[in-house]
Amino acid sequence: MIVRVMGEGQYEVGDDLLDRLNTLDQAAMSAIEGGDEPKLDEHLEAMGELVRQEGTKLADGDLRPSEAIIPPSDLTLDETKELLSGEGFIPDPPA
Amino acid sequence: MDGLIGRLTTVVRAWISKLLEGAEDPSVTLDYSYERQRELLQNVKRGVADVVTAKKRVQLQSDKLEGSVVKLESQARQALAGGREDLARAALERKAFAQQQLQSLDQQAAGLEAQQQKLVEGEQRLAAKVDAFRSQKEVIKAQYSAAEAQVRIGEAATGIGEEMADTGRAIERARDRTEQLQARASAIDELVEAGALEDLSGGGDYLDRELAQMSVGGQVDADLERLRGELATGASAGELEQGAQR
């Protein structure tokens, strides 16, 4: 399947990677609940690293959409609030 | 509970749906969106120019702070050599504070640098996708039935939409970083103006005056000592003279 690491591009990875990503995702969610940004960044970085290690980078001109999008490792706690509420995380396209 | 990956994927898909909303032909919408994206990227280029200006300002500030750190260190040494531990302490406190500000500036400048790099890479990916889309859409239209072509073009449009969402976030992030850096730089300007980060001679010549007084004081002490010595010798010489006269 294809995953996107936000801010880095897309990778083709084995379907089995999703379970490992979900485990890290749960840890990241716990870090958010604990208000621990360094811990959050650490888990996000681990997600990105897993994809970089196990996946193959897609060519820039590949037009296939991603099945899953992994947050960037520089995600702040404030941004997670935007992300979880669904408001404002991605700015509107220019009018 | 939905994790971050699931949440982000949903948010990006919703954003793309909004982007392509009401598009009878996604390729037309996409070309139009791309033009708007190009405009935004032009803004980003101007933004990057602002960042370069901000970084130059920060560099000047860093140089000045580094100069202060060196001077405060030598002032502290001078004060300590003169037995003025209070002054040495004041100088070292300012030095530590200046070093802290330097570190925070460097960190922010590095963060901005990384953000800028990601932005440039994102722009390249987006441009590559749009080029690919432009060459493929005619092929798709020629090879597939209208309905099938629309599905495939819709998929490709989603692929580009994803890149646009990603770039959009990178643009926003770079802007935030620039603003943070500028705010930091302004705050440091204020601290410098208030004398909190200057070497002590810059803040109303306090340390230099004290050090000057100290060396003047030392001079006075030395003169006093010399005079005392001369007087003592003179007195004993006088006594000897008086004794010899007796």
Side-chain angles (χ1 to χ4, degrees), chain A residues 1-10 17-18 20-33 40 43-44 47-48 51 57-76 78-95, chain B residues 1-16 18-19 33 35-41 43 111 114-115 118-119 121-122 124-133 135-136 152-153 155-173 175-177:
Chain A
M1 68 174 184
I2 296 171
V3 298
R4 168 180 293 273
V5 179
M6 206 165 188
E8 287 181 40
Q10 292 168 291
L17 209 67
L18 204 55
R20 288 157 76 189
L21 285 171
N22 279 332
T23 306
L24 287 167
D25 199 352
Q26 286 312 312
M29 290 298 279
S30 302
I32 292 169
E33 278 160 36
L40 169 67
H43 292 312
L44 292 172
M47 283 189 213
V51 172
K57 203 168 198 308
L58 246 57
D60 285 351
D62 199 314
L63 294 167
R64 286 176 291 171
S66 310
E67 279 178 61
I69 302 176
I70 297 168
S73 61
D74 64 359
L75 194 73
T76 63
D78 278 350
E79 280 183 306
T80 63
K81 279 180 203 136
E82 291 178 348
L83 185 56
L84 296 172
S85 73
E87 295 288 322
F89 181 69
I90 301 164
D92 288 339
Chain B
M1 187 176 34
D2 209 3
L4 284 175
I5 296 175
R7 194 64 216 155
L8 179 56
T9 308
T10 306
V11 163
V12 170
R13 281 186 189 147
W15 188 89
I16 295 167
K18 211 172 133 192
L19 181 77
S33 297
E35 288 312 315
R36 293 188 297 175
Q37 194 71 11
R38 294 304 303 178
E39 281 169 30
L40 190 57
L41 287 169
N43 287 341
Q115 215 60 44
K118 282 193 172 175
L119 199 57
E121 286 166 10
Q124 283 166 1
R125 281 197 301 273
L126 182 59
K129 276 190 163 49
V130 170
D131 283 349
F133 182 81
S135 57
Q136 275 185 32
R152 284 174 183 267
I153 287 173
E155 269 177 18
T158 303
I160 293 185
E162 234 181 82
E163 203 65 66
M164 286 174 71
D166 201 335
T167 310
R169 190 260 175 188
I171 288 166
E172 189 86 336
R173 192 85 173 126
R175 268 194 196 145
D176 288 350
R177 292 271 195 186

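Residue numbering restarts at 1 for every chain, and letters A, B, ... go by the order of the sequence lines. Just the heavy atoms: all of them, side chains too, but no hydrogens, waters or symmetry mates, feed the values below.
A donor-acceptor contact shorter than 3.5 Å is absent between the side chain of Thr9(B) and the backbone of Ala68(A). Within the 3.5 Å criterion, the main-chain N or O of Met6(A) finds no donor-acceptor partner in the side chain of Asp166(B). In this structure a side-chain-to-backbone donor-acceptor pair under 3.5 Å is missing from Arg125(B) to Gly61(A). A donor-acceptor pair is defined here as one N or O able to donate and one able to accept, closer than 3.5 Å; no such pair exists between the side chain of Glu155(B) and the backbone of Arg64(A). A donor-acceptor pair under 3.5 Å links the side-chain atoms of Trp15(B) to the main chain of Pro91(A), judged by distance alone. Looking at Lys118(B), its side chain never comes within 3.5 Å of a backbone N or O of Glu8(A) through a donor-acceptor pair.
Ile70(A) has its side chain out of reach of Leu4(B): every pair of non-hydrogen atoms, C-beta onward, lies at least 4.5 Å apart. Taking 4.5 Å as the limit, every side-chain heavy atom of Leu18(A) sits out of range of all side-chain heavy atoms of Ile5(B). Inter-residue side-chain proximity for Leu83(A) and Leu8(B) is flagged as met; some heavy-atom pair is nearer than 4.5 Å. Using a 4.5 Å heavy-atom threshold, the side chains of Arg169(B) and Pro72(A) count as touching.
For Glu87(A), no part lies near chain B; criterion is any non-hydrogen pair under 4.5 Å. The part of Leu40(A) that comes within reach of chain B is its side chain, from C-beta onward, which places non-hydrogen atoms under 4.5 angstrom from that chain. With a threshold of 4.5 angstrom between heavy atoms, Ile2(A) does not approach chain B through any atom at all. Residue contact with chain A, scored on non-hydrogen atoms closer than 4.5 Å, is absent for Ala170(B). In this structure, the portions of Leu21(A) lying under 4.5 Å from any heavy atom of chain B include both its backbone and its side chain. When heavy atoms are compared at a cutoff of 4.5 Å, Ser85(A) approaches chain B solely by way of its backbone atoms N, CA, C and O.
The candidate with the highest count of non-hydrogen atom pairs below 4.5 Å against chain A, out of Gln124(B), Gln136(B), Arg13(B), Glu121(B), is Arg13(B).
To the nearest 0.5 angstrom, Ile69(A) atom CD1 is 4.0 Å from Glu162(B) atom CD. The distance from the CD1 atom of Ile90(A) to the CD1 atom of Ile16(B) is 8.0 Å, given to the nearest 0.5 Å. Atom CG of residue Leu126(B) and atom CG of residue Asp60(A) lie 10.0 Å apart, to the nearest 0.5 angstrom. One distance of note links OG1 of Thr158(B) with CG of Leu63(A); it measures 10.5 Å at 0.5 Å rounding. Taken to the nearest 0.5 Å, the CD atom of Glu82(A) stands 8.0 Å off from the CD atom of Glu172(B). In this structure, OG in Ser66(A) is found 8.5 Å from CD in Glu163(B), a value given to the nearest 0.5 Å.
Residue Asp74(A) comes nearest to Arg173(B) through the heavy atom pair O-NH2, 2.8 Å, listed as atom of the first residue, atom of the second, then distance.
Asp25(A) is linked by a salt bridge (charged side-chain N to carboxylate O under 4.0 Å, His left out) to nothing, counting only residues two or more places apart in sequence or in another chain. Contacts of Arg20(A) classified as salt bridge (charged side-chain N to carboxylate O under 4.0 Å, His left out), with partners at least two apart in sequence or in another chain: Glu54(A).
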Task: Intermediate values then yes/no, side chain to side chain contact (heavy atoms under 4.5 Å, CB included), Arg7(B) and Thr80(A) - done: CA-CA 10 Å; Arg7(B) 194 64 216 155; Thr80(A) 63; over 6 Å; no
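Ion pairing of Asp62(A) with Lys129(B) is absent here, as no side-chain N (NZ or NE/NH1/NH2) approaches a carboxylate O to less than 4.0 Å.
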